[in-house]
2 protein chains.
Amino acid sequence: MAGRRLVQKQSLPEIIANDLRERILSGEIPEGAAIQQEVLAEEYGVSRMPVREALKRLNAEGLLSWETNRGGSVVKHSLNEIGEIFDLRALIEVDLFRRAIPNMTATDFMRCEELLAEMEVSYAANDVARWGQLNHDYHTALYRAANRRLTDDVLIRIALQSDRYVRIHLSVMKQRDPAREEHRKLLDLAQQGDVAGAGALLERHILRTRDALLELVAKQRSQMGD
Amino acid sequence: MAGRRLVQKQSLPEIIANDLRERILSGEIPEGAAIQQEVLAEEYGVSRMPVREALKRLNAEGLLSWETNRGGSVVKHSLNEIGEIFDLRALIEVDLFRRAIPNMTATDFMRCEELLAEMEVSYAANDVARWGQLNHDYHTALYRAANRRLTDDVLIRIALQSDRYVRIHLSVMKQRDPAREEHRKLLDLAQQGDVAGAGALLERHILRTRDALLELVAKQRSQMGD
DNA sequence: TTGCGCTAGTTTGCATCCAATATCCAACGA
DNA sequence: TCGTTGGATATTGGATGCAAACTAGCGCAA
(Lines give C-alpha, C1' and ligand atoms only; values in the text may rest on other atoms or scores of the structure.)
Protein backbone atom coordinates (compact mmCIF):
# COMPACT_ATOMS: atom_id res chain seq x y z
CA MET A 1 0.00 0.00 0.00
CA ALA A 2 3.00 2.25 0.44
CA GLY A 3 4.16 2.90 -3.08
CA ARG A 4 0.78 3.33 -4.68
CA ARG A 5 0.82 6.24 -7.01
CA LEU A 6 -2.40 6.25 -8.92
CA VAL A 7 -2.53 8.82 -11.66
CA GLN A 8 -5.94 10.32 -10.92
CA LYS A 9 -7.33 10.19 -14.40
CA GLN A 10 -9.61 13.04 -15.23
CA SER A 11 -11.92 13.35 -18.18
CA LEU A 12 -12.13 16.59 -20.09
CA PRO A 13 -15.51 17.56 -18.66
CA GLU A 14 -14.07 17.07 -15.21
CA ILE A 15 -11.05 19.24 -15.87
CA ILE A 16 -13.16 21.94 -17.45
CA ALA A 17 -15.74 21.79 -14.67
CA ASN A 18 -13.02 22.19 -12.07
CA ASP A 19 -11.50 25.13 -13.86
CA LEU A 20 -14.83 26.82 -14.43
CA ARG A 21 -15.79 26.26 -10.82
CA GLU A 22 -12.60 27.94 -9.75
CA ARG A 23 -13.25 30.85 -12.09
CA ILE A 24 -16.73 31.30 -10.72
CA LEU A 25 -15.71 30.95 -7.07
CA SER A 26 -12.85 33.38 -7.53
CA GLY A 27 -15.22 35.91 -9.00
CA GLU A 28 -13.47 35.99 -12.37
CA ILE A 29 -16.80 35.05 -13.89
CA PRO A 30 -19.22 37.28 -12.00
CA GLU A 31 -22.71 36.60 -10.71
CA GLY A 32 -25.34 36.70 -13.38
CA ALA A 33 -22.87 36.42 -16.25
CA ALA A 34 -24.23 34.67 -19.31
CA ILE A 35 -22.55 31.46 -20.36
CA GLN A 36 -22.07 30.35 -23.96
CA GLN A 37 -20.90 26.90 -24.87
CA GLU A 38 -19.09 27.91 -28.02
CA VAL A 39 -17.09 30.68 -26.37
CA LEU A 40 -15.89 28.36 -23.64
CA ALA A 41 -15.15 25.59 -26.12
CA GLU A 42 -12.99 28.02 -28.04
CA GLU A 43 -11.18 29.12 -24.89
CA TYR A 44 -10.34 25.60 -23.83
CA GLY A 45 -9.58 24.47 -27.35
CA VAL A 46 -12.04 21.59 -27.29
CA SER A 47 -15.38 20.89 -28.90
CA ARG A 48 -18.63 22.00 -27.33
CA MET A 49 -19.44 18.58 -25.98
CA PRO A 50 -17.13 18.32 -22.98
CA VAL A 51 -18.04 21.91 -22.19
CA ARG A 52 -21.70 20.98 -22.17
CA GLU A 53 -21.12 18.18 -19.74
CA ALA A 54 -19.07 20.43 -17.52
CA LEU A 55 -21.85 23.01 -17.55
CA LYS A 56 -24.41 20.35 -16.70
CA ARG A 57 -22.27 19.37 -13.81
CA LEU A 58 -21.95 22.87 -12.46
CA ASN A 59 -25.66 23.24 -12.93
CA ALA A 60 -26.22 20.19 -10.76
CA GLU A 61 -23.94 21.72 -8.17
CA GLY A 62 -26.09 24.81 -8.14
CA LEU A 63 -23.48 27.24 -9.44
CA LEU A 64 -25.12 27.71 -12.82
CA SER A 65 -28.72 27.94 -13.83
CA TRP A 66 -29.69 26.52 -17.17
CA GLU A 67 -32.67 26.83 -19.45
CA THR A 68 -33.35 24.56 -22.38
CA ASN A 69 -32.39 26.12 -25.70
CA ARG A 70 -31.65 29.40 -24.01
CA GLY A 71 -28.25 28.99 -22.46
CA GLY A 72 -27.24 29.57 -18.88
CA SER A 73 -25.90 32.03 -16.38
CA VAL A 74 -24.05 32.12 -13.09
CA VAL A 75 -26.48 31.82 -10.20
CA LYS A 76 -26.91 34.92 -8.10
CA HIS A 77 -28.12 34.38 -4.56
CA SER A 78 -30.29 36.79 -2.62
CA LEU A 79 -29.13 37.91 0.79
CA ASN A 80 -31.71 35.61 2.36
CA GLU A 81 -30.30 32.69 0.44
CA ILE A 82 -26.75 33.48 1.44
CA GLY A 83 -27.90 33.51 5.05
CA GLU A 84 -29.63 30.20 4.47
CA ILE A 85 -26.45 28.65 3.17
CA PHE A 86 -24.59 29.58 6.32
CA ASP A 87 -27.40 28.36 8.54
CA LEU A 88 -27.19 25.02 6.78
CA ARG A 89 -23.45 24.94 7.23
CA ALA A 90 -23.83 25.66 10.93
CA LEU A 91 -26.43 22.94 11.31
CA ILE A 92 -24.37 20.26 9.59
CA GLU A 93 -20.93 21.26 10.79
CA VAL A 94 -22.00 21.41 14.44
CA ASP A 95 -23.53 17.97 14.08
CA LEU A 96 -20.35 16.62 12.53
CA PHE A 97 -18.16 18.21 15.15
CA ARG A 98 -20.23 16.82 18.01
CA ARG A 99 -20.04 13.37 16.51
CA ALA A 100 -16.33 13.69 15.84
CA ILE A 101 -15.12 14.79 19.28
CA PRO A 102 -15.61 11.48 21.11
CA ASN A 103 -13.76 9.69 18.30
CA MET A 104 -10.81 12.01 17.98
CA THR A 105 -7.40 10.47 18.49
CA ALA A 106 -3.95 11.88 19.10
CA THR A 107 -3.35 11.75 15.35
CA ASP A 108 -6.41 13.87 14.67
CA PHE A 109 -5.38 16.45 17.23
CA MET A 110 -1.89 16.58 15.81
CA ARG A 111 -3.15 17.14 12.31
CA CYS A 112 -5.30 20.01 13.55
CA GLU A 113 -2.37 21.51 15.41
CA GLU A 114 -0.28 21.45 12.28
CA LEU A 115 -2.97 23.20 10.29
CA LEU A 116 -3.40 25.81 13.00
CA ALA A 117 0.31 26.51 12.87
CA GLU A 118 0.23 26.84 9.11
CA MET A 119 -2.70 29.19 9.39
CA GLU A 120 -0.76 31.41 11.75
CA VAL A 121 2.01 31.61 9.18
CA SER A 122 -0.29 32.51 6.32
CA TYR A 123 -2.01 34.96 8.64
CA ALA A 124 1.26 36.70 9.42
CA ALA A 125 2.28 36.66 5.78
CA ASN A 126 -1.10 38.11 4.81
CA ASP A 127 -1.48 35.33 2.28
CA VAL A 128 -5.24 35.49 1.97
CA ALA A 129 -5.72 32.80 -0.63
CA ARG A 130 -3.66 30.26 1.29
CA TRP A 131 -5.40 31.16 4.55
CA GLY A 132 -8.77 30.50 2.96
CA GLN A 133 -7.67 27.06 1.83
CA LEU A 134 -6.17 26.24 5.23
CA ASN A 135 -9.29 27.44 7.01
CA HIS A 136 -11.26 25.01 4.92
CA ASP A 137 -8.83 22.18 5.61
CA TYR A 138 -8.84 22.90 9.31
CA HIS A 139 -12.59 22.67 9.57
CA THR A 140 -12.53 19.45 7.58
CA ALA A 141 -9.88 18.04 9.89
CA LEU A 142 -12.03 18.83 12.91
CA TYR A 143 -14.87 16.72 11.51
CA ARG A 144 -12.77 13.91 10.14
CA ALA A 145 -13.19 11.62 13.12
CA ALA A 146 -16.96 11.72 12.71
CA ASN A 147 -16.32 9.39 9.82
CA ARG A 148 -19.36 10.46 7.85
CA ARG A 149 -18.59 10.30 4.19
CA LEU A 150 -22.00 11.18 2.84
CA THR A 151 -22.48 14.05 5.23
CA ASP A 152 -19.09 15.36 4.20
CA ASP A 153 -20.13 15.25 0.56
CA VAL A 154 -23.29 17.19 1.28
CA LEU A 155 -21.33 19.72 3.29
CA ILE A 156 -18.81 20.21 0.51
CA ARG A 157 -21.61 20.97 -1.92
CA ILE A 158 -23.12 23.52 0.41
CA ALA A 159 -19.83 25.09 1.40
CA LEU A 160 -19.07 25.53 -2.29
CA GLN A 161 -21.94 27.98 -2.54
CA SER A 162 -20.76 30.04 0.40
CA ASP A 163 -17.13 29.92 -0.69
CA ARG A 164 -17.87 32.21 -3.56
CA TYR A 165 -18.96 34.97 -1.22
CA VAL A 166 -16.36 34.22 1.41
CA ARG A 167 -13.53 34.49 -1.10
CA ILE A 168 -14.63 37.77 -2.53
CA HIS A 169 -14.57 39.32 0.89
CA LEU A 170 -11.77 37.35 2.44
CA SER A 171 -9.32 40.21 2.51
CA VAL A 172 -11.79 42.40 4.35
CA MET A 173 -13.08 39.64 6.61
CA LYS A 174 -9.73 38.59 7.84
CA GLN A 175 -8.87 41.77 9.66
CA ARG A 176 -11.93 42.14 11.76
CA ASP A 177 -12.37 38.45 12.31
CA PRO A 178 -11.98 37.08 15.85
CA ALA A 179 -11.83 33.66 14.22
CA ARG A 180 -8.15 33.37 14.92
CA GLU A 181 -8.46 32.70 18.63
CA GLU A 182 -11.67 30.80 18.16
CA HIS A 183 -10.00 28.23 15.98
CA ARG A 184 -7.57 27.47 18.76
CA LYS A 185 -10.38 27.41 21.30
CA LEU A 186 -12.36 24.90 19.23
CA LEU A 187 -9.49 22.51 19.30
CA ASP A 188 -8.96 23.00 23.05
CA LEU A 189 -12.58 22.27 23.82
CA ALA A 190 -12.48 19.20 21.62
CA GLN A 191 -9.41 17.93 23.44
CA GLN A 192 -11.19 18.44 26.74
CA GLY A 193 -14.07 16.42 25.36
CA ASP A 194 -16.48 19.29 25.93
CA VAL A 195 -18.98 18.40 23.22
CA ALA A 196 -21.62 20.92 24.22
CA GLY A 197 -19.17 23.78 24.59
CA ALA A 198 -17.38 23.03 21.36
CA GLY A 199 -20.64 22.71 19.44
CA ALA A 200 -21.94 25.99 20.81
CA LEU A 201 -18.72 27.82 19.97
CA LEU A 202 -18.64 26.44 16.46
CA GLU A 203 -22.21 27.54 15.90
CA ARG A 204 -21.45 31.06 17.10
CA HIS A 205 -18.32 31.04 14.94
CA ILE A 206 -20.19 30.20 11.76
CA LEU A 207 -23.19 32.40 12.41
CA ARG A 208 -20.99 35.38 13.15
CA THR A 209 -19.19 34.80 9.88
CA ARG A 210 -22.60 34.76 8.27
CA ASP A 211 -23.59 38.10 9.76
CA ALA A 212 -20.31 39.78 8.92
CA LEU A 213 -20.46 38.52 5.36
CA LEU A 214 -24.08 39.50 4.85
CA GLU A 215 -23.25 43.00 5.93
CA LEU A 216 -20.40 43.22 3.45
CA VAL A 217 -22.37 41.78 0.56
CA ALA A 218 -25.30 44.06 1.31
CA LYS A 219 -23.01 47.06 1.31
CA GLN A 220 -21.35 46.05 -1.92
CA ARG A 221 -24.64 45.42 -3.66
CA SER A 222 -26.15 48.72 -2.60
CA GLN A 223 -23.08 50.49 -3.93
CA MET A 224 -23.43 48.73 -7.22
CA GLY A 225 -27.01 49.84 -7.37
CA ASP A 226 -28.79 46.57 -7.40
CA MET B 1 -50.81 33.53 -10.24
CA ALA B 2 -53.94 31.48 -10.75
CA GLY B 3 -53.92 30.55 -14.39
CA ARG B 4 -50.23 30.02 -14.85
CA ARG B 5 -49.68 26.90 -16.75
CA LEU B 6 -46.20 26.92 -18.08
CA VAL B 7 -45.48 24.00 -20.29
CA GLN B 8 -42.35 22.83 -18.55
CA LYS B 9 -40.20 22.13 -21.54
CA GLN B 10 -37.96 19.19 -20.97
CA SER B 11 -34.91 18.21 -22.91
CA LEU B 12 -34.26 14.59 -23.71
CA PRO B 13 -31.56 14.16 -21.07
CA GLU B 14 -33.99 15.51 -18.52
CA ILE B 15 -36.78 13.15 -19.52
CA ILE B 16 -34.44 10.19 -19.56
CA ALA B 17 -32.89 11.15 -16.23
CA ASN B 18 -36.33 11.37 -14.65
CA ASP B 19 -37.35 8.01 -15.99
CA LEU B 20 -34.12 6.34 -14.99
CA ARG B 21 -34.34 7.87 -11.54
CA GLU B 22 -37.78 6.43 -11.14
CA ARG B 23 -36.59 3.02 -12.30
CA ILE B 24 -33.75 3.08 -9.82
CA LEU B 25 -35.84 4.30 -6.92
CA SER B 26 -38.53 1.74 -7.63
CA GLY B 27 -35.96 -0.99 -7.55
CA GLU B 28 -36.54 -2.01 -11.17
CA ILE B 29 -32.85 -1.38 -11.70
CA PRO B 30 -31.27 -2.93 -8.61
CA GLU B 31 -28.34 -1.83 -6.50
CA GLY B 32 -25.01 -2.52 -8.05
CA ALA B 33 -26.43 -3.08 -11.53
CA ALA B 34 -24.05 -2.14 -14.32
CA ILE B 35 -25.17 0.61 -16.65
CA GLN B 36 -24.45 0.64 -20.37
CA GLN B 37 -25.06 3.68 -22.49
CA GLU B 38 -25.79 1.79 -25.66
CA VAL B 39 -28.39 -0.48 -24.09
CA LEU B 40 -30.27 2.45 -22.61
CA ALA B 41 -30.00 4.43 -25.82
CA GLU B 42 -31.57 1.51 -27.64
CA GLU B 43 -34.35 1.25 -25.07
CA TYR B 44 -35.27 4.90 -25.30
CA GLY B 45 -34.80 5.03 -29.05
CA VAL B 46 -32.30 7.88 -28.95
CA SER B 47 -28.60 8.23 -29.52
CA ARG B 48 -26.11 7.66 -26.73
CA MET B 49 -25.56 11.35 -26.18
CA PRO B 50 -28.68 12.34 -24.28
CA VAL B 51 -28.29 9.12 -22.31
CA ARG B 52 -24.79 10.15 -21.37
CA GLU B 53 -25.96 13.47 -20.06
CA ALA B 54 -28.74 11.83 -18.12
CA LEU B 55 -26.26 9.43 -16.55
CA LYS B 56 -23.96 12.30 -15.63
CA ARG B 57 -26.89 13.95 -13.99
CA LEU B 58 -27.81 10.92 -11.92
CA ASN B 59 -24.17 10.59 -11.04
CA ALA B 60 -24.21 14.14 -9.69
CA GLU B 61 -27.28 13.24 -7.67
CA GLY B 62 -25.41 10.36 -6.12
CA LEU B 63 -27.57 7.57 -7.51
CA LEU B 64 -24.97 6.30 -9.93
CA SER B 65 -21.27 5.93 -9.57
CA TRP B 66 -19.18 6.53 -12.64
CA GLU B 67 -15.62 5.77 -13.61
CA THR B 68 -13.88 7.25 -16.61
CA ASN B 69 -13.79 4.88 -19.54
CA ARG B 70 -15.22 2.12 -17.42
CA GLY B 71 -18.91 2.78 -17.30
CA GLY B 72 -21.11 3.08 -14.27
CA SER B 73 -23.31 1.24 -11.83
CA VAL B 74 -26.13 1.93 -9.41
CA VAL B 75 -24.73 3.04 -6.08
CA LYS B 76 -25.10 0.60 -3.24
CA HIS B 77 -25.01 2.06 0.23
CA SER B 78 -23.64 0.29 3.28
CA LEU B 79 -25.88 0.01 6.32
CA ASN B 80 -23.85 2.74 7.97
CA GLU B 81 -24.42 5.01 5.03
CA ILE B 82 -28.14 4.36 5.02
CA GLY B 83 -28.19 5.28 8.70
CA GLU B 84 -26.25 8.39 7.89
CA ILE B 85 -28.77 9.45 5.29
CA PHE B 86 -31.58 9.26 7.80
CA ASP B 87 -29.56 11.12 10.42
CA LEU B 88 -29.07 13.89 7.91
CA ARG B 89 -32.75 13.95 7.11
CA ALA B 90 -33.60 14.17 10.79
CA LEU B 91 -31.15 17.01 11.29
CA ILE B 92 -32.44 19.08 8.40
CA GLU B 93 -36.13 18.27 8.65
CA VAL B 94 -36.29 19.08 12.35
CA ASP B 95 -34.58 22.38 11.66
CA LEU B 96 -37.04 23.17 8.90
CA PHE B 97 -40.01 22.18 10.99
CA ARG B 98 -38.92 24.32 13.92
CA ARG B 99 -38.47 27.29 11.63
CA ALA B 100 -41.79 26.66 9.91
CA ILE B 101 -44.06 26.40 12.94
CA PRO B 102 -44.05 30.08 13.94
CA ASN B 103 -44.82 31.04 10.34
CA MET B 104 -47.62 28.59 9.68
CA THR B 105 -50.94 30.09 8.68
CA ALA B 106 -54.47 28.72 8.49
CA THR B 107 -53.84 27.90 4.84
CA ASP B 108 -50.82 25.79 5.71
CA PHE B 109 -52.70 23.87 8.37
CA MET B 110 -55.55 23.27 6.00
CA ARG B 111 -53.27 21.92 3.33
CA CYS B 112 -51.75 19.53 5.86
CA GLU B 113 -55.18 18.41 7.01
CA GLU B 114 -56.15 17.61 3.46
CA LEU B 115 -53.05 15.53 2.93
CA LEU B 116 -53.62 13.69 6.20
CA ALA B 117 -57.13 12.83 5.08
CA GLU B 118 -55.85 11.58 1.74
CA MET B 119 -53.26 9.50 3.51
CA GLU B 120 -55.95 7.85 5.60
CA VAL B 121 -57.78 6.92 2.43
CA SER B 122 -54.72 5.42 0.77
CA TYR B 123 -53.94 3.70 4.04
CA ALA B 124 -57.34 2.09 4.14
CA ALA B 125 -57.15 1.17 0.47
CA ASN B 126 -53.72 -0.34 1.02
CA ASP B 127 -52.41 1.75 -1.84
CA VAL B 128 -48.76 1.68 -0.87
CA ALA B 129 -47.38 3.66 -3.79
CA ARG B 130 -49.83 6.48 -3.30
CA TRP B 131 -49.27 6.49 0.45
CA GLY B 132 -45.55 6.90 -0.09
CA GLN B 133 -46.08 9.89 -2.34
CA LEU B 134 -48.54 11.46 0.09
CA ASN B 135 -46.21 10.87 3.01
CA HIS B 136 -43.58 12.78 1.13
CA ASP B 137 -45.98 15.60 0.26
CA TYR B 138 -47.18 15.82 3.84
CA HIS B 139 -43.69 16.25 5.22
CA THR B 140 -42.98 18.87 2.58
CA ALA B 141 -46.18 20.70 3.49
CA LEU B 142 -45.14 20.79 7.14
CA TYR B 143 -41.91 22.59 6.24
CA ARG B 144 -43.33 24.88 3.62
CA ALA B 145 -43.79 27.86 5.88
CA ALA B 146 -40.09 27.82 6.77
CA ASN B 147 -39.68 29.32 3.32
CA ARG B 148 -36.22 27.94 2.76
CA ARG B 149 -35.77 27.16 -0.88
CA LEU B 150 -32.14 26.10 -0.80
CA THR B 151 -32.58 23.93 2.26
CA ASP B 152 -35.53 22.27 0.57
CA ASP B 153 -33.38 21.52 -2.46
CA VAL B 154 -30.70 19.96 -0.32
CA LEU B 155 -33.29 17.92 1.53
CA ILE B 156 -34.81 16.66 -1.70
CA ARG B 157 -31.40 15.42 -2.82
CA ILE B 158 -30.83 13.60 0.42
CA ALA B 159 -34.33 12.20 0.66
CA LEU B 160 -33.86 10.83 -2.85
CA GLN B 161 -31.21 8.51 -1.53
CA SER B 162 -33.34 7.20 1.29
CA ASP B 163 -36.44 6.92 -0.89
CA ARG B 164 -34.92 4.02 -2.69
CA TYR B 165 -34.76 1.97 0.47
CA VAL B 166 -38.03 3.25 1.86
CA ARG B 167 -39.91 2.26 -1.28
CA ILE B 168 -38.54 -1.21 -1.42
CA HIS B 169 -39.75 -1.90 2.07
CA LEU B 170 -42.81 0.27 2.06
CA SER B 171 -45.27 -2.60 2.04
CA VAL B 172 -43.61 -4.14 5.06
CA MET B 173 -43.01 -0.89 6.85
CA LYS B 174 -46.56 0.27 6.64
CA GLN B 175 -48.06 -2.40 8.81
CA ARG B 176 -45.88 -2.08 11.84
CA ASP B 177 -45.50 1.64 11.56
CA PRO B 178 -46.89 3.84 14.35
CA ALA B 179 -46.36 6.73 11.95
CA ARG B 180 -50.06 7.04 11.34
CA GLU B 181 -50.92 8.63 14.69
CA GLU B 182 -47.64 10.49 14.80
CA HIS B 183 -48.41 12.36 11.64
CA ARG B 184 -51.58 13.69 13.21
CA LYS B 185 -49.75 14.52 16.40
CA LEU B 186 -47.07 16.49 14.54
CA LEU B 187 -49.74 18.73 13.08
CA ASP B 188 -51.46 19.16 16.46
CA LEU B 189 -48.24 20.20 18.15
CA ALA B 190 -47.51 22.62 15.33
CA GLN B 191 -50.93 24.17 15.70
CA GLN B 192 -50.32 24.59 19.42
CA GLY B 193 -47.06 26.32 18.57
CA ASP B 194 -45.09 23.77 20.58
CA VAL B 195 -41.82 24.06 18.69
CA ALA B 196 -39.76 21.98 21.07
CA GLY B 197 -42.30 19.20 21.35
CA ALA B 198 -42.94 19.05 17.62
CA GLY B 199 -39.24 19.02 16.83
CA ALA B 200 -38.58 16.24 19.30
CA LEU B 201 -41.43 14.12 17.99
CA LEU B 202 -40.33 14.58 14.39
CA GLU B 203 -36.81 13.53 15.29
CA ARG B 204 -38.06 10.38 17.01
CA HIS B 205 -40.33 9.74 14.05
CA ILE B 206 -37.51 9.84 11.53
CA LEU B 207 -34.98 8.00 13.64
CA ARG B 208 -37.43 5.20 14.35
CA THR B 209 -38.06 4.88 10.64
CA ARG B 210 -34.30 4.66 10.24
CA ASP B 211 -34.00 1.84 12.75
CA ALA B 212 -36.91 -0.12 11.35
CA LEU B 213 -35.56 0.21 7.84
CA LEU B 214 -32.03 -0.72 8.77
CA GLU B 215 -33.32 -3.88 10.35
CA LEU B 216 -35.22 -4.81 7.24
CA VAL B 217 -32.37 -4.06 4.87
CA ALA B 218 -29.94 -5.97 7.06
CA LYS B 219 -32.25 -8.97 7.08
CA GLN B 220 -32.73 -8.85 3.33
CA ARG B 221 -29.03 -8.54 2.64
CA SER B 222 -28.09 -11.40 4.93
CA GLN B 223 -30.65 -13.55 3.16
CA MET B 224 -29.15 -12.66 -0.16
CA GLY B 225 -25.80 -13.66 1.18
CA ASP B 226 -23.89 -10.48 0.92
C1' DT C 1 -46.13 56.42 -34.33
C1' DT C 2 -47.05 51.96 -32.69
C1' DG C 3 -47.85 47.20 -33.05
C1' DC C 4 -47.65 42.97 -35.50
C1' DG C 5 -45.40 39.58 -38.44
C1' DC C 6 -41.89 37.86 -41.14
C1' DT C 7 -37.18 36.68 -42.06
C1' DA C 8 -32.21 36.22 -41.12
C1' DG C 9 -28.77 34.98 -37.85
C1' DT C 10 -27.19 32.98 -33.73
C1' DT C 11 -27.16 29.30 -30.30
C1' DT C 12 -28.45 25.16 -28.46
C1' DG C 13 -29.65 20.14 -28.98
C1' DC C 14 -29.11 15.67 -30.94
C1' DA C 15 -27.12 12.16 -34.18
C1' DT C 16 -23.41 10.08 -36.49
C1' DC C 17 -18.63 9.13 -36.86
C1' DC C 18 -13.89 8.46 -35.26
C1' DA C 19 -10.41 7.89 -31.53
C1' DA C 20 -8.95 6.25 -27.08
C1' DT C 21 -9.16 3.13 -23.32
C1' DA C 22 -10.35 -1.06 -20.82
C1' DT C 23 -11.35 -5.97 -20.77
C1' DC C 24 -10.79 -10.53 -22.20
C1' DC C 25 -8.40 -14.37 -24.12
C1' DA C 26 -4.87 -16.81 -26.23
C1' DA C 27 -0.07 -17.62 -27.00
C1' DC C 28 4.49 -17.62 -25.38
C1' DG C 29 8.18 -18.18 -21.98
C1' DA C 30 9.88 -19.47 -17.39
C1' DT D 1 1.59 -25.33 -14.75
C1' DC D 2 1.50 -20.58 -13.88
C1' DG D 3 2.43 -15.88 -14.91
C1' DT D 4 3.14 -12.43 -18.31
C1' DT D 5 2.52 -10.17 -22.61
C1' DG D 6 0.34 -9.04 -26.79
C1' DG D 7 -3.61 -8.46 -29.67
C1' DA D 8 -8.80 -8.57 -30.62
C1' DT D 9 -13.19 -6.83 -29.15
C1' DA D 10 -16.34 -4.04 -26.82
C1' DT D 11 -17.42 0.24 -24.63
C1' DT D 12 -16.74 4.87 -23.49
C1' DG D 13 -15.05 9.70 -24.77
C1' DG D 14 -14.81 13.51 -28.03
C1' DA D 15 -15.37 15.97 -32.73
C1' DT D 16 -18.08 17.36 -36.40
C1' DG D 17 -22.41 18.27 -38.83
C1' DC D 18 -27.16 19.20 -39.23
C1' DA D 19 -31.81 20.37 -37.49
C1' DA D 20 -34.68 22.98 -34.33
C1' DA D 21 -35.45 26.74 -31.30
C1' DC D 22 -34.91 31.37 -29.79
C1' DT D 23 -33.56 36.50 -30.76
C1' DA D 24 -33.43 40.49 -33.17
C1' DG D 25 -34.08 43.58 -36.79
C1' DC D 26 -36.68 45.26 -40.53
C1' DG D 27 -40.87 46.30 -43.07
C1' DC D 28 -45.66 46.88 -43.43
C1' DA D 29 -50.13 48.17 -41.97
C1' DA D 30 -53.39 50.32 -38.79
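Treat the numbers as computed from the prediction; the structure is a model and nothing was measured. Just so it is clear, the values below take in all heavy atoms, side chains as well, and ignore hydrogens, waters and symmetry mates.
Classified by interplanar angle (parallel below 30°, tilted 30° to 60°, perpendicular above 60°), the ring pair A:His183/A:Trp131 is tilted.
For B:Arg52, the side-chain hydrogen bond (donor to acceptor under 3.5 Å, both in side chains) criterion is met by A:Glu53, not counting sequence neighbours. Applying the salt bridge (charged side-chain N to carboxylate O under 4.0 Å, His left out) test to A:Arg89 and every residue at least two apart in sequence or in another chain returns A:Glu93. Every residue two or more places apart in sequence or in another chain that forms a salt bridge (charged side-chain N to carboxylate O under 4.0 Å, His left out) with A:Glu118 is listed here: A:Arg130. Among residues two or more places apart in sequence or in another chain, the side-chain hydrogen bond (donor to acceptor under 3.5 Å, both in side chains) test is passed with A:Arg149 by B:Glu81.
Taking OG from B:Ser162 and CD from B:Glu84, the interatomic distance works out to 12.5 Å, rounded to the nearest 0.5 Å.
No salt bridge links A:Lys56 with A:Glu61; every basic N to acidic carboxylate O contact stays at or beyond 4.0 Å.
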What N/O pairs connect the protein and nucleotides 14-18 of chain C at under 3.5 Å? Give each pair on its own line.
| unit_1 | atom_1 | unit_2 | atom_2 | d |
| --- | --- | --- | --- | --- |
| C:dC14 | OP1 | B:Leu12 | N | 2.9 |
| C:dA15 | OP2 | B:Ser47 | N | 3.0 |
| C:dA15 | OP2 | B:Ser47 | OG | 2.9 |

Using a cutoff of under 3.5 Å, can you pull out all pairs of nitrogen or oxygen atoms linking the protein to nucleotides 8-10 of chain C, with atom names and distances?
none

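Neither side chain, A:Asp137 nor A:Thr140, offers a donor N or O lying under 3.5 Å from an acceptor on the other.
The distance from atom CG of B:Asn69 to atom P of C:dT23 is 9 Å, rounded to the nearest whole Å. The distance between atom CD of B:Glu38 and atom C1' of C:dA22, rounded to the nearest whole Å, is 16 Å. Separating the CD atom of A:Glu42 from the P atom of C:dT12 is a distance of 13 Å, rounded to the nearest angstrom. Here the C1' atom of nucleotide C:dT12 and the CD1 atom of A:Ile35 are 14 Å apart, to the nearest Å. A:Leu40 has its CG atom 12 Å from the P atom of C:dT11, to the nearest Å. Residue B:Gln37 contributes atom CD, which lies 15 Å from atom P of C:dA22 at whole-angstrom precision. Distance, A:Tyr44 OH to D:dG14 C1': 17 Å, rounded to whole Å. The distance between atom CD of B:Glu67 and atom P of D:dT11, rounded to the nearest whole Å, is 17 Å.
Phosphate contact (OP1/OP2 of C:dG13, side-chain N/O of A:Trp66, threshold under 4.0 Å): present.
Side chain of B:Asn103 to main chain of B:Ala146: no donor-acceptor pair is present (N/O by atom type, distance under 3.5 Å, no hydrogens or angles).
Checking C:dA22, D:dG13, C:dT12 against every side-chain atom of B:Arg70, the shortest atom distance belongs to C:dA22.
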